[in-house]
Structures are given as structure tokens and as C-alpha cells.
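Each remark here refers to the structure printed beneath this line.
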Amino acid sequence: MNKFLNFLCLCCLVFFCVCFAISSNSPITTLHIIPLLLTFLLIILYLYSDNKIEQIRKSFWIRPSMLLLLSLVIVNLQIPINIFVGLGDGSYYLESSKYAICSGEVLFFGCIGIISFIYGYHYRVLSKPHNNFGNTCKSPVLIWVLLSLLSFILWVINIDLNSFLTGMEYQGSGAADRVSSPFAIFETLLDCFITISFAVITKNNINRKNVKWSFFLYLKSIPMLLLLVIGFYMGLRTMSGDRGPVIYTGLMLFYSYVITTQKKIKLLVLVSMVIVGAFSLTLLNVVRNFRNPNETFSERLTRGLDEMGDNTEKRTISPFTHELAKSVNCNYIAVYDINNNITTYKYGAYNISELLVAVPGMNRVFKTFFDIDLYKFNSNEYLTISCFGKNYLFGLGTTALADFYLDFGMLGMILGMFLIGFIYKRVDYYINNPVSNILLIICLLKFSSMSIYMPRASLSLILCRIFYILIIYYIFSRISLFFYTKKNFINVKK
């Protein structure tokens with residue numbers, strides 16, 4: 001089955017690339033039913049392909065690769081499908097009507113990215129797990145919990161609570177969250193220490209043999225102090241209108257639970273969770289648009305519920321995911337700007353810049369010696385400025401496809417999405433075959449928690465966060481080991 005699927009993916013990629021090359025500045029027509037049908041056929045084959053050999057449970061419906069694929073389809077195809085079925089033209093959905101001329105190309109663009117991901121995921125069958133990979137020593141979690149608490153306190157101290165709680169602070173991807181300010185630095189450290197805390201807890205749980213895990217028993221394994229930090233953090237972020245950190249942190253908790261317990265989630269429960277989650281996130285998006293400093297969160301919530309009740313006729317096939325689908329603007333801008341020679345390929349400069357940010361202090365070095373702000377030299381910033389100008393009010397963000405395309409062209413986008421599929425095959429595999437290795441668990445939790453965000457961001461951004469966490473973990477582990485060794489040495493001398 002995998003070989004047949006790979007052959008179909010390769011044939012479709014060649015066909016779609018030819019169509020993309022000859023369909024410059026073309027609208028969506030009835031003929032575009034062909035790439036849509038072929039893409040969804042490959043998605044169905046992907047969903048029902050036999051994974052027993054690779055020990056990835058078919059009943060594990062909420063595995064990270066599934067969330068990533070769902071998000072890929074929403075981000076790259078929902079609005080092109082809206083246009084195809086006649087719900088609206090390109091100018092209705094896009095930030096500028098001038099980009100609508102690329103609608104045909106963007107549809108092929110999205111199909112190529114999705115198929116490349118499926119091809120990378122099914123490229124090679126994995127071998128059986130190595131049970132001796134890792135160690136069984138219990139790791140201390142208290143220090144990471146205390147560092148999480150300290151980071152949370154410093155983060156709260158550095159925010160303007162009135163602006164934050166009324167939604168005035170939120171500016172979207174590519175804007176406030178890209179700035180190297182104390183507010184952003186402490187939130188990054190908070191995310192870092194929460195991730196390490198969960199990784200240590202998960203590792204310790206894996207090493208507890210002959211335990212019949214339940215959800216409540218899993219919760220008992222998490223220090224109460226960490227649960228309080230996470231609860232307050234997610235609550236504050238919800239009131240600010242920023243859904244991202246709420247989703248990432250929630251998914252990290254969920255996948256830590258899955259790795260620990262290896263329990264399957266029933267399809268009915270999963271569907272209920274998705275419906276409730278989609279409604280809540282859509283409501284939160286409506287609420288955050290009411291940026292009135294004189295309104296409380298509860299008042300904005302009431303207005304949001306009223307608006308959602310009145311706005312029943314949205315021109316989209318899926319109102320709950322429409323906000324995420326609007327990210328396709330990035331694809332339109334990338335294709336349009338390359339077609340019209342407004343920009344040229346950067347040959348990896350954007351991705352290298354993202355990765356360099358992982359090294360603490362590297363941005364300061366580049367600003368001092370090369371006058372380059374690494375936080376602003378990326379596809380997020382380029383796409384936002386290309387669309388809104390330099391004095392933008394909020395960031396447009398990027399997509400994985402647009403990021404690869406602006407840096408490496410069509411071939412680079414195909415290889416980049418292939419690599420993402422290749423990576424997430426391993427993520428699925430080790431979630432279902434957990435090993436007691438702290439570094440691997442950190443990578444698993446971060447890739448898993450960011451799976452639904454990956455299509456809306458860039459691979460280099462996710463890798464940057466992982467490298468940063470690993471660097472911080474190494475530094476603090478060495479410091480902890482130094483003091484522990486020194487303490488033992490003093491005790492021996494006594």
C-alpha cells in the first residue's frame with residue numbers, strides 16, 4: 001500500500017508542478033476539480049494506509065501528523081474551495097483584490113504542499129522500536145517548576161495588564177511577538193521551562209512500571225505549583241485574545257498524557273472535543289477584535305456571543321475554521337510577488353535567520369556587527385510589509401509553504417514539506433513507542449504541541465524553539481550538576 005501511495009504522490013507532484021508552471025496569473029475554473037479530487041483521494045489513502053508494521057495505531061486519530069494535515073488543508077485549500085464552489089470571489093477573502101489573479105496557481109500550490117507532506121510521511125517504513133534507547137533514572141522536576149514560576153512572575157511584571165486584558169496588546173504573528181522585549185523574552189523562557197517540566201514528568205512516568213494509568217493519576221504526577229502556573233498563564237492568554245499559547249500548552253499536556261498512559265481516545269469523544277474547541281477558538285477570535293480598553297472580558301464575551309448568533313450566513317464552507325483559512329493570504333502574496341519580480345528567492349537566508357535566533361545573544365551580535373535584526377529578517381516580516389507596508393498595525397504571519405517558497409522556490413517547498421512529513425512520521429512513532437530519553441521527549445512534546453500551528457508558521461521557527469529549549473536545558477543542567485557535585489565534595493571533606 002505504501003509503495004502504491006508513494007507512486008501516486010510522485011505522479012501527482014509532477015503533474016501539479018507542470019500545471020503550476022503554465023497557469024501563471026490564472027483564476028480558478030471548473031477544471032480545478034481535478035487537482036482537488038486527486039489531493040483528497042491521496043488524503044483518504046493516507047488515512048487508511050496500513051500502519052501496523054510501523055506500530056502506529058490506526059485508532060490513534062489525534063496523532064500529531066493528523067492535526068498537522070487537517071491544519072494544512074484548512075490553511076491552504078479552504079478559501080480556494082470557497083472560490084471554486086462560488087461562495088465568493090478572491091477579492092472577498094483576500095487582504096487586497098490584486099492578489100486574486102493568482103487563485104488558480106495558489107490552488108495548485110496548496111495541493112503540491114499537502115501531497116509532498118503525505119509523500120514524506122509514507123516514504124519509508126520504520127523499524128521496530130529500540131527498548132534500550134534512553135535511561136531509567138528519575139530526574140528532578142522541582143527546579144524546572146520553580147523556574148517556570150519565576151518566569152511567569154517576571155512575565156506578568158513586564159506586561160501592561162490593562163492593555164493585555166482588553167486585547168489591545170495582541171498584534172498577531174509578525175508583530176509584537178517578534179520583538180525582543182522583556183515581555184517576549186520572559187514568555188519564551190516560561191514556554192521553555194514548562195516544556196522541560198512536562199518532559200521530565202513524562203520521562204519519570206514512563207519509568208514507573210506496572211502502573212495502571214488514569215487521567216486523575218496522571219494529573220497527580222504533575223506538581224500542583226506547575227498546574228497553577230499553567231492555569232493562570234492560559235487564563236491570562238485567553239483574556240488577551242491570543243489563542244496560540246492556549247492551544248500549544250493544552251496540546252503539550254494532552255500528548256504528555258498520551259505518552260504516559262498509551263490510552264486511545266474514542267472517536268466520539270474526539271469529535272466532541274474538536275467541536276467544542278473550534279467553537280471556543282472562533283468565539284475567542286471574535287472577542288479579541290473588540291479592542292475597547294473600557295470593556296471587561298466578560299462584556300466582550302457577551303458581545304462576541306451575540307455577534308456569532310447574528311452572523312450565521314458566512315460565505316465559507318466552514319465558519320469555525322475561517323480565521324485560520326485566511327492565512328492563505330500569505331500564499332497569494334508569495335506567489336504574486338515572485339511572479340511579478342517584486343522579490344527574489346532568498347536561498348535559505350530567512351530560515352537561517354530563524355535558526356540563529358535560537359542561540360541566546362545572537363541577535364545582539366548581528367545587530368552590533370552587521371546591522372541586521374534577526375527577529376525581522378524572515379518571511380513573517382516580509383509578507384506583512386509587502387501587504388500592509390512598514391507601518392503595519394498587526395502582523396500577517398506566514399505559512400510553511402510560503403516560507404519555503406520565498407526561500408527556495410518550488411523545489412525547495414516540495415523538499416521542505418517532504419521533510420516535515422518525514423519528521424512527523426517519527427513523532428507519531430515515538431509517541432506510540434515511548435522511550436526514556438529526556439532530549440527526545442522534549443522534541444516530541446514540542447513538535448506535537450506545535451503540530452496544528454506548523455502550517456501557519458515555518459519549520460525553522462519550530463526548530464528554533466526546540467534548539468533554544470535544548471540549549472537552555474543543557475545550560476541549567478550543567479549549572480545544577482556543578483552545584484550538586486560541589487555540595488557532595490564539601491560533604492566528603494567534612
Side-chain angles (χ1 to χ4, degrees), residues 64 68 134 139 144 147-148 151 173-174 177-180 184-200 202-203 244-245 248-249 251-252 255-256 346 348-367 370 372-381 397-398 400 403-404 407-408 412 415-417 419-427 430-431 435 437-451 453-481:
L68 194 151
S139 302
W144 304 112
L147 287 170
S148 300
S151 301
S173 301
D177 58 342
R178 305 294 306 169
V179 179
S180 179
I185 290 171
F186 289 124
E187 186 167 24
T188 301
L189 285 173
L190 174 60
D191 173 72
C192 174
F193 292 131
I194 288 177
T195 303
I196 296 173
S197 298
F198 271 119
V200 173
T202 306
K203 173 181 176 294
Y248 319 146
T249 309
L251 283 176
M252 187 177 299
Y255 282 113
S256 172
K346 295 299 183 288
Y350 285 155
N351 281 269
I352 291 172
S353 173
E354 287 271 21
L355 293 173
L356 286 173
V357 174
V359 182
M362 187 59 70
N363 186 54
R364 185 179 296 274
V365 171
F366 269 74
K367 288 184 74 172
F370 306 105
I372 296 175
D373 188 344
L374 295 177
Y375 287 101
K376 294 186 177 181
F377 190 69
N378 49 59
S379 62
N380 299 52
E381 193 76 8
T398 188
D403 183 73
F404 285 131
D407 240 355
F408 305 108
L415 293 176
M417 294 308 298
L419 177 60
I420 291 176
F422 189 83
I423 290 172
Y424 271 85
K425 175 66 158 287
R426 276 82 193 149
V427 173
Y430 281 110
I431 282 180
V435 292
N437 182 285
I438 188 66
L439 301 183
L440 179 61
I441 294 173
I442 287 173
C443 295
L444 284 179
L445 290 178
K446 205 61 193 172
F447 272 122
S448 301
S449 65
M450 303 296 284
S451 56
Y453 182 66
M454 176 75 78
R456 181 66 178 91
S458 64
L459 175 61
S460 56
L461 175 63
I462 312 302
L463 290 175
C464 169
R465 293 191 180 189
I466 291 173
F467 292 155
Y468 184 82
I469 293 170
L470 294 177
I471 290 170
I472 294 296
Y473 174 78
Y474 178 80
I475 292 173
F476 278 86
S477 294
R478 294 300 98 186
I479 294 173
S480 176
L481 182 62

Nearest heavy-atom pair of [X] and [Y]: which atoms, and what distance?
X	Y	value
S148	L190	O-CD1, 3.3 Å
N380	E354	OD1-OE2, 3.9 Å
P245	E187	CG-OE2, 4.2 Å

How long is the straight-line distance from [atom2] of [Y] back to [atom1] of [X], given to the nearest 0.5 Å?
X	Y	atom1	atom2	result
C192	I466	SG	CD1	11.5 Å
L470	F467	CG	CZ	7.5 Å
L459	I423	CG	CD1	5.0 Å
T202	I431	OG1	CD1	10.5 Å
I438	K203	CD1	NZ	6.5 Å
L444	L439	CG	CG	11.0 Å

**Request:** Please step through side-chain contact (heavy atoms from CB on, under 4.5 Å) for the pair S460 and Y350, ending with a clear verdict.
**Result:** CA-CA 9 Å; S460 56; Y350 285 155; over 6 Å; no
Using modelled atom types only, decide if a donor and an acceptor are shared between the side chain of [X] and the backbone of [Y] within a distance under 3.5 Å.
X	Y	result
S151	L147	yes
R465	L461	no
S353	F377	yes
N351	D407	no

**Request:** Answer yes if the ring centres of F198 and W144 are under 6.0 angstrom apart, and no otherwise.
**Result:** no
**Message:** Taking the ring of F193 and the ring of F476, is the distance between their centroids below 6.0 Å?
**Reply:** yes
Beyond-backbone contact of [X] with [Y], side-chain heavy atoms, under 4.5 angstrom:
X	Y	value
L445	Y248	no
N437	Y430	no
L415	L419	no

**Message:** Please determine whether side-chain contact (heavy atoms from CB on, under 4.5 Å) holds for the pair F408 and D403, giving the CA-CA distance in whole Å, both sets of side-chain angles, and the decisive distance to 0.1 Å.
**Reply:** CA-CA 9 Å; F408 305 108; D403 183 73; over 6 Å; no
**Request:** Report the C-alpha separation of L463 and F447 in whole Å, then their side-chain angles, then the decisive distance to 0.1 Å, and conclude whether the side-chain contact (heavy atoms from CB on, under 4.5 Å) test is met.
**Result:** CA-CA 9 Å; L463 290 175; F447 272 122; 3.7 Å; yes
**Request:** Begin with the C-alpha distance, continue with both residues' side-chain angles, and end with the deciding distance and a verdict on side-chain contact (heavy atoms from CB on, under 4.5 Å) for D191 and T195.
**Result:** CA-CA 6 Å; D191 173 72; T195 303; 4.1 Å; yes
**Request:** Apply the side-chain contact (heavy atoms from CB on, under 4.5 Å) test between M252 and each candidate in S448, S449, S197; give the one that qualifies.
**Result:** S449
